[in-house]
Amino acid sequence: MSKHHIEVTPEMKASDEAFLEGRTVGGDRYIKRHSRQARWTHGVTVLCCIWLMISGAFVFVPPLAQFAGSDVVFFFRMSHRVIGVAFVAVPIISAFAAPAGVKHIIHNNICHWTEDDKKWMILFLPYLFLAKWVHMPDQDEQKSGQRVADGALWICGIAMGITGVILLLNSTIMPVGVVAHSVLLFLHDLFFFVMLVFALAHIFLGAGIFQPYRGMWKVMWKDGLISESDALYHWGHWAREVLGSDNGVIRKKKGE
């Protein structure tokens, strides 16, 4: 058996050493998924929503109102109005500050569904109970399930904002009548309960309670970065596109 000797030139050796050094210094790769503005808007909206749920319960549920007393209910009613204005105003201000971001969100939510998108929706319920054995298809930047949930949250949030503003005007400077008030209140409550269902599902996944999403809360509540491995697992098509372009890819040393 003949032996072949491969000669390594000084240039090849230097190139190899530079490559290995780059891998060592470069660290792990992360993808920028959410901007600082998106994270702040999401955070303020979530906090407003939580307080609106708490205060609204004491304002609109008679047994809770009787239990709390008139002074407490008055505080909750006033805070419900103030935080309600912030709930409406913050996303609008953010949208005017970054219209390209709004366009991007709308595009992700109404884009054409691929076969992978349809398959993901079909497999979602089995995946919740058999995550170790169910392989989910690759997804784009927005999963098909996310489009459904986020779309519902957007619609409910807008509807609650509109009905809430009219109810506020009705009780202050622009009375709309008893019948209209009852209808608006019913719609406000209806969209609240629909939003609550999707919000609980959003929290279940986004907070990392479901094991495959463990640590996902950091992407929205910390630095907006997602690891290369998690990005490929959850949004394979999008991750490979970003990693291929190297646009928005960040290297972090271990321990950072």
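We use all heavy atoms of the structure for the numbers below, so side chains are in, but hydrogens, waters and symmetry mates are not. Computed from a predicted model, the values in this text were never measured in an experiment. Numbering of residues begins at 1 and proceeds along the displayed sequence.
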Given Phe204, Phe129, Phe124, the one that forms ring pair (Phe, Tyr, Trp, His ring centres under 6.0 Å) with Phe210: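 Single pass found, and it is Phe204.
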
task: Please step through side-chain contact (heavy atoms from CB on, under 4.5 Å) for the pair Lys32 and Ile226, ending with a clear verdict.
output: CA-CA 7 Å; Lys32 187 74 173 181; Ile226 185 168; over 6 Å; no

Least distance between heavy atoms, [X] atom then [Y] atom:
{"X": "Trp238", "Y": "Ala231", "value": "CZ3-CB, 4.2 Å"}
{"X": "Ala98", "Y": "Gln37", "value": "CB-NE2, 3.5 Å"}
{"X": "Leu64", "Y": "Ala57", "value": "CD1-O, 3.6 Å"}
{"X": "Pro91", "Y": "Thr45", "value": "CG-OG1, 3.9 Å"}
{"X": "Ile203", "Y": "Ile209", "value": "O-CD1, 4.2 Å"}
{"X": "Ser94", "Y": "Thr41", "value": "OG-OG1, 2.8 Å"}

field: SB check Arg39 Asp223 (cutoff 4.0 Å)
entry: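 Here Arg39 does not pair with Asp223 in a salt bridge, since their nearest N and O are not under 4.0 Å apart.
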
Can you hop from [X] to [Y] via hydrophobic side chains spaced under 4.5 Å?
{"X": "Val90", "Y": "Ile105", "value": "no"}
{"X": "Met78", "Y": "Leu185", "value": "no"}
{"X": "Val102", "Y": "Phe96", "value": "no"}
{"X": "Ile93", "Y": "Phe87", "value": "no"}
{"X": "Val179", "Y": "Leu168", "value": "no"}

field: Side-chain donor-acceptor pair present, His234, Asp230, cut-off under 3.5 Å
entry: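 Side-chain D/A pair, His234 to Asp230: absent.
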
query: Are Asn170 and His181 close enough that a side-chain donor and a side-chain acceptor fall under 3.5 Å?
result: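 A pair is found: one side chain offers a donor N or O, the other an acceptor, under 3.5 Å apart.
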
Are side-chain heavy atoms of [X] and [Y] found at a separation under 4.5 Å?
{"X": "Gln139", "Y": "Ser144", "value": "yes"}
{"X": "Leu243", "Y": "Glu228", "value": "yes"}
{"X": "Asn109", "Y": "Asp150", "value": "yes"}
{"X": "Val242", "Y": "Asn247", "value": "no"}
{"X": "Leu52", "Y": "His80", "value": "yes"}
{"X": "Leu225", "Y": "Arg33", "value": "no"}
{"X": "Val46", "Y": "Trp221", "value": "yes"}
{"X": "Val148", "Y": "Met121", "value": "yes"}

- prompt: How about Phe198 and Trp154: are their ring centres within less than 6.0 Å of each other?
  reply: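 They do not qualify: ring centres at least 6.0 Å apart.
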
query: How about Tyr127 and His135: are their ring centres within less than 6.0 Å of each other?
result: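 Judged by ring-centre distance (under 6.0 Å), Tyr127 and His135 do not meet the cut-off.
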
To the nearest 0.5 Å, tell me how far [X] [atom1] sits from [Y] [atom2].
{"X": "Asp138", "Y": "His237", "atom1": "CG", "atom2": "NE2", "result": "4.5 Å"}
{"X": "Met160", "Y": "Asp189", "atom1": "CE", "atom2": "CG", "result": "8.0 Å"}
{"X": "Phe76", "Y": "Phe60", "atom1": "CZ", "atom2": "CZ", "result": "13.0 Å"}
{"X": "Leu187", "Y": "Ser182", "atom1": "CG", "atom2": "OG", "result": "11.0 Å"}
{"X": "Phe58", "Y": "Phe75", "atom1": "CZ", "atom2": "CZ", "result": "11.0 Å"}
{"X": "Cys111", "Y": "Ile106", "atom1": "SG", "atom2": "CD1", "result": "12.5 Å"}

task: Could you walk me through whether Asp28 and Arg251 pass side-chain contact (heavy atoms from CB on, under 4.5 Å), step by step?
output: CA-CA 5 Å; Asp28 297 326; Arg251 287 192 178 276; over 6 Å; no

query: Taking atom CH2 of Trp40 as the centre, does the number of heavy atoms from other residues, nucleotides or ligands within less than 6.0 Å exceed 12?
result: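 No - once you tally the heavy atoms of other residues, nucleotides and ligands closer than 6.0 Å, there are 12 at most.
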
field: Arg81 vs Arg77, side-chain contact (heavy atoms from CB on, under 4.5 Å): CA-CA, chis, key distance, verdict
entry: CA-CA 6 Å; Arg81 294 176 177 179; Arg77 180 180 290 110; 3.8 Å; yes

message: Both conditions, 6.0 Å and 45 degrees, for the charged tip of Arg240 above the ring of Trp235: are they met here?
response: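 No; the conditions do not both hold, so Arg240 does not lie above the ring face of Trp235.
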
- prompt: For Trp217, is the NZ or CZ atom of Lys222 found under 6.0 angstrom from the centre of its six-membered ring and inside 45 degrees of the ring axis?
  reply: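 No.
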
- request: Determine the interplanar angle of the His42 and His202 rings, folded into 0 to 90°, and report it as parallel if under 30°, tilted if 30 to 60°, perpendicular if over 60°.
  value: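 Plane angle between 30° and 60°, so tilted.
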
- prompt: Out of His112, Arg147, Lys143, which one pairs with Asp117 under the side-chain hydrogen bond (donor to acceptor under 3.5 Å, both in side chains) rule?
  reply: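 Of the listed residues His112, Arg147, Lys143, the side-chain hydrogen bond (donor to acceptor under 3.5 Å, both in side chains) partner of Asp117 is Arg147.
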
query: Checking side-chain contact (heavy atoms from CB on, under 4.5 Å) for the pair Phe192/Cys156: CA distance, chi angles, key distance, verdict?
result: CA-CA 7 Å; Phe192 162 74; Cys156 290; over 6 Å; no

